[in-house]
Amino acid sequence: MFWKKEKKQTLQKGQQNLSLGLLKEILANLEDAEIVERQKPEGQCFTFIYIRTLIDQERMNEALFEPVLHCTNESIQDCISTSKAEEIFTLGEAEKQLLAGSVIIFDSLKKQWWSVLLTNNLGRSIETSDTETILYGAKDSFSEQLDTNITLIRRRLPVTELKSEKLKVGSLSETTVVLMYMEGVTNPEFVSIAKEKINKIDFDLFFDSSQIAAFMEDHQNSIFPQFQQTDRPDVCAYSLGIGKLIILVDNTPFVLIGPVTFFHLFQSPEDYINRWPVASFLRLIRYISFILSITLIPLYVALTTHHYQMLPLQILFVLVESRSKLPFTPFWEALLMLIILEIIKEASLRMPTKSSQTLGVIGGIVIGQAAVEAGFASKVLIVLVGVSAIASFLVPNYLVTKANTMIQFVFLLLSSFLGVFGIVLGMIIILAHLNSLTSLRQPYFAPVAPLYWKDWIDLFIRGPLTKMKTRPDHLHPFQKWRYSKRR
């Protein structure tokens with residue numbers, strides 16, 4: 001069996017004693033691999049082996065060459081003060097350290113091998129979030145550097161109860177995943193479930209946190225996300241504080257938050273900055289917008305196709321006048337315009353910022369006006385499509401916005417066959433589906449089902465912060481009270 005042979009060879013490679021010849025054999029055909037020999041004045045020779053593109057070359061001379069070649073101490077470990085030197089023994093260790101951004105040092109006199117980490121920390125600076133913009137509040141967002149992201153969270157939660165555990169996923173990408181939670185607050189069951197799911201992941205490449213989410217979700221065929229993704233440190237810090245856990249993935253600015261409910265995906269960081277009546281009003285507007293975005297166009301099709309006798313006479317006259325010259329039925333008219341809208345949306349996302357603004361003008365005004373004049377769509381439908389599109393953008397979570405689109409098309413199909421009854425049937429199916437979902441094995445539709453009345457103070461409305469004295473019950477936190485005097 002060739003795979004058993006391959007596994008055996010990998011095992012032997014990992015346990016093989018380290019030698020300069022074997023290391024050179026591994027680094028053959030690696031253009032960026034460097035092997036440099038340096039000699040001390042008294043004759044002792046050192047060999048430095050590294051991959052040029054993975055290390056910080058500017059620090060090489062100051063942090064490595066000078067200390068090692070001019071040190072009078074016997075051990076390399078005592079010579080290097082700016083970095084930590086670790087002694088290594090096997091070929092597998094050396095290979096792993098080289099690819100992690102370390103310099104391997106061979107002391108030919110003592111026949112010892114050392115590894116010194118000199119990672120090249122390339123990355124962009126801390127910038128404003130593009131996906132979750134707010135007017136007031138913190139402007140910083142995560143970047144692709146894992147340590148920077150952890151620092152941004154620790155600055156907001158400077159307590160030792162904030163625990164972090166490092167794990168690895170991806171047989172080829174060797175991606176680092178960090179699980180963070182508040183000890184004494186987060187339910188340990190969530191932590192053990194998350195660790196179990198991460199350890200079970202068996203895949204080769206991971207470049208984004210959404211790929212990790214795909215392996216950890218309880219229901220992979222659902223259109224609803226079962227982890228919240230955010231690039232805002234304040235959202236992560238708040239989630240940790242109320243008893244959730246977060247998962248950071250190296251080389252991606254988006255962090256996974258779990259367990260989440262369907263209602264968490266409608267919350268915005270500004271909810272906790274605005275005055276509570278204003279925040280509650282805005283949150284209610286988001287729920288109304290979500291319902292409008294999925295039902296407005298199907299309702300138009302249902303009323304104009306099956307239930308036109310229910311419309312007031314004045315509105316019926318307007319619809320008849322608007323549709324009098326159209327060659328399509330309401331269903332095909334709505335389907336055509338929704339597909340054009342989705343094409344414009346996707347094109348505007350893929351184009352440069354300045355071009356996407358032009359595309360918005362062309363799509364919104366030129367194509368809309370031309371479609372009416374050409375007799376492909378009625379004026380009423382153009383208005384409804386515009387309202388529906390704008391309403392869909394009020395949901396803060398981008399993945400839910402995409403789910404809206406699919407629900408809208410399904411509702412459109414149901415309404416063309418069954419009218420309003422089709423929309424009601426679709427709503428019942430969606431509610432039943434949401435009720436069957438779980439996130440980290442916790443109910444996705446909580447605190448509505450199962451019912452947690454106390455959590456409703458931060459559900460459809462955002463109650464006064466002074467009244468939110470306990471953490472959400474549906475998260476089963478270890479410390480229930482948020483006031484230190486009540487613990």
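Predicted model only: the values in this text are computed from it and were never measured.
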(message) Given 3.5 Å as the limit, does a donor-acceptor pair link the side chain of Arg471 with the main chain of Gly241, or not?
(response) yes

(request) Please name the pair of heavy atoms, one in Phe215 and one in Gln220, separated by the smallest distance, quoted to 0.1 Å. (result) O-NE2, 4.0 Å

(request) Before giving the answer on side-chain contact (heavy atoms from CB on, under 4.5 Å), spell out for Ile153 and Phe142 the whole-Å C-alpha distance, their side-chain angles and the decisive distance to 0.1 Å. (result) CA-CA 10 Å; Ile153 295 169; Phe142 291 131; 3.8 Å; yes

(request) Work out which heavy atom in Tyr181 is nearest to a heavy atom in Thr186; give both atom names and the distance. (result) CB-OG1, 3.8 Å

(message) Tell me the closest heavy-atom pair linking Leu205 and Phe203, and the distance in Å.
(response) O-CD2, 3.4 Å

(request) Determine, for Arg155 against Asp140, whether the closest basic-nitrogen to carboxylate-oxygen distance falls under 4.0 angstrom. (result) no

(message) Regarding Asp147 and Arg154, does a basic nitrogen lie under 4.0 Å from an acidic carboxylate oxygen?
(response) no

(message) Main chain of Ser293, side chain of Ser392: is a donor-acceptor contact present, judged purely on distance under 3.5 Å?
(response) no

(message) With a 4.5 Å cut-off on side-chain heavy atoms, are Tyr444 and Thr438 touching?
(response) no

(request) Using atom types as modelled and distance alone, determine if a side-chain donor or acceptor of Gln97 lies under 3.5 Å from a backbone N or O of Ala94. (result) no

(message) Any side-chain to backbone donor/acceptor pair from Lys244 onto Ser239? Under 3.5 Å, distance only.
(response) no

(request) State whether the side chain of Glu217 and the backbone N or O of Gln226 hold a donor-acceptor pair below 3.5 Å, judged by distance alone. (result) yes

(message) Taking atom CG as the centre, does Asp202 end up with more than 12 heavy-atom neighbours from other residues, nucleotides or ligands that are less than 6.0 angstrom away?
(response) no

(request) Taking only Lys NZ, Arg NE, NH1 and NH2, and the carboxylate oxygens of Asp or Glu, determine whether Arg441 and Glu196 approach each other closer than 4.0 Å. (result) yes

(message) Determine whether a donor-acceptor pair (N or O, by modelled atom type, separation under 3.5 Å) exists between the side chain of Thr401 and the backbone of Asn397.
(response) yes

(message) If I take atom OG1 from residue Thr175 and atom NZ from residue Lys168, how far apart are they, to the nearest 0.5 angstrom?
(response) 8.0 Å

(message) Can you tell me which residue among Phe290, Phe262, Phe445 is in a ring pair (Phe, Tyr, Trp, His ring centres under 6.0 Å) with Phe224?
(response) Phe262

(message) Main chain of Pro447, side chain of Asp455: is a donor-acceptor contact present, judged purely on distance under 3.5 Å?
(response) no

(message) Can you give me the closest heavy-atom contact between Ala213 and Phe227, atom names plus distance?
(response) CB-CD1, 4.2 Å

(message) Show the nearest heavy-atom pair for residues Leu265 and Pro396, with the distance to one decimal.
(response) O-CD, 3.7 Å

(request) Look at the side chain of Ser115 and the backbone N and O of Ser102, then say whether any donor-acceptor pair between them is shorter than 3.5 Å. (result) no

(request) Can you measure from CG (Leu99) to CG (Leu30) and round to the nearest 0.5 angstrom? (result) 8.0 Å

(message) As an exercise, state the distance from CZ of Phe254 to OG1 of Thr230, rounded to the nearest 0.5 Å.
(response) 8.0 Å

(message) As an exercise, state the distance from CD1 of Ile134 to CD1 of Ile273, rounded to the nearest 0.5 Å.
(response) 4.0 Å

(request) Please assess Gln39 against Phe46 for the test side-chain contact (heavy atoms from CB on, under 4.5 Å), listing each intermediate value before the final yes or no. (result) CA-CA 6 Å; Gln39 197 169 4; Phe46 291 96; over 6 Å; no

(message) Check this for me: does any side-chain nitrogen of one of Glu342 and Lys345 sit under 4.0 Å from a carboxylate oxygen of the other?
(response) yes

(request) State plainly whether the residues Arg283 and Asp458 are in salt-bridge range, i.e. N to O under 4.0 Å. (result) yes

(message) Once rounded to the nearest 0.5 Å, what's the spacing between atom OG1 of Thr252 and atom CZ of Phe206?
(response) 13.0 Å

(request) Without swapping roles, check the side chain of Ser141 against the backbone of Glu127 for a donor-acceptor pair under 3.5 Å. (result) yes

(message) For Leu240 versus Val185, what's the shortest heavy-atom pair and its separation?
(response) O-CG1, 4.3 Å

(message) So that I can tick it off, tell me whether Glu346 and Lys402 are bridged by a salt bridge, with the cut-off set at under 4.0 angstrom between side-chain N and carboxylate O.
(response) yes

(message) Taking His474's backbone N and O only, do any of them form a donor-acceptor pair with Gln442's side chain (distance below 3.5 Å, no angle check)?
(response) no

(request) Output the distance between atom CG (Leu117) and atom CD (Glu86), rounded to the nearest 0.5 Å. (result) 8.5 Å

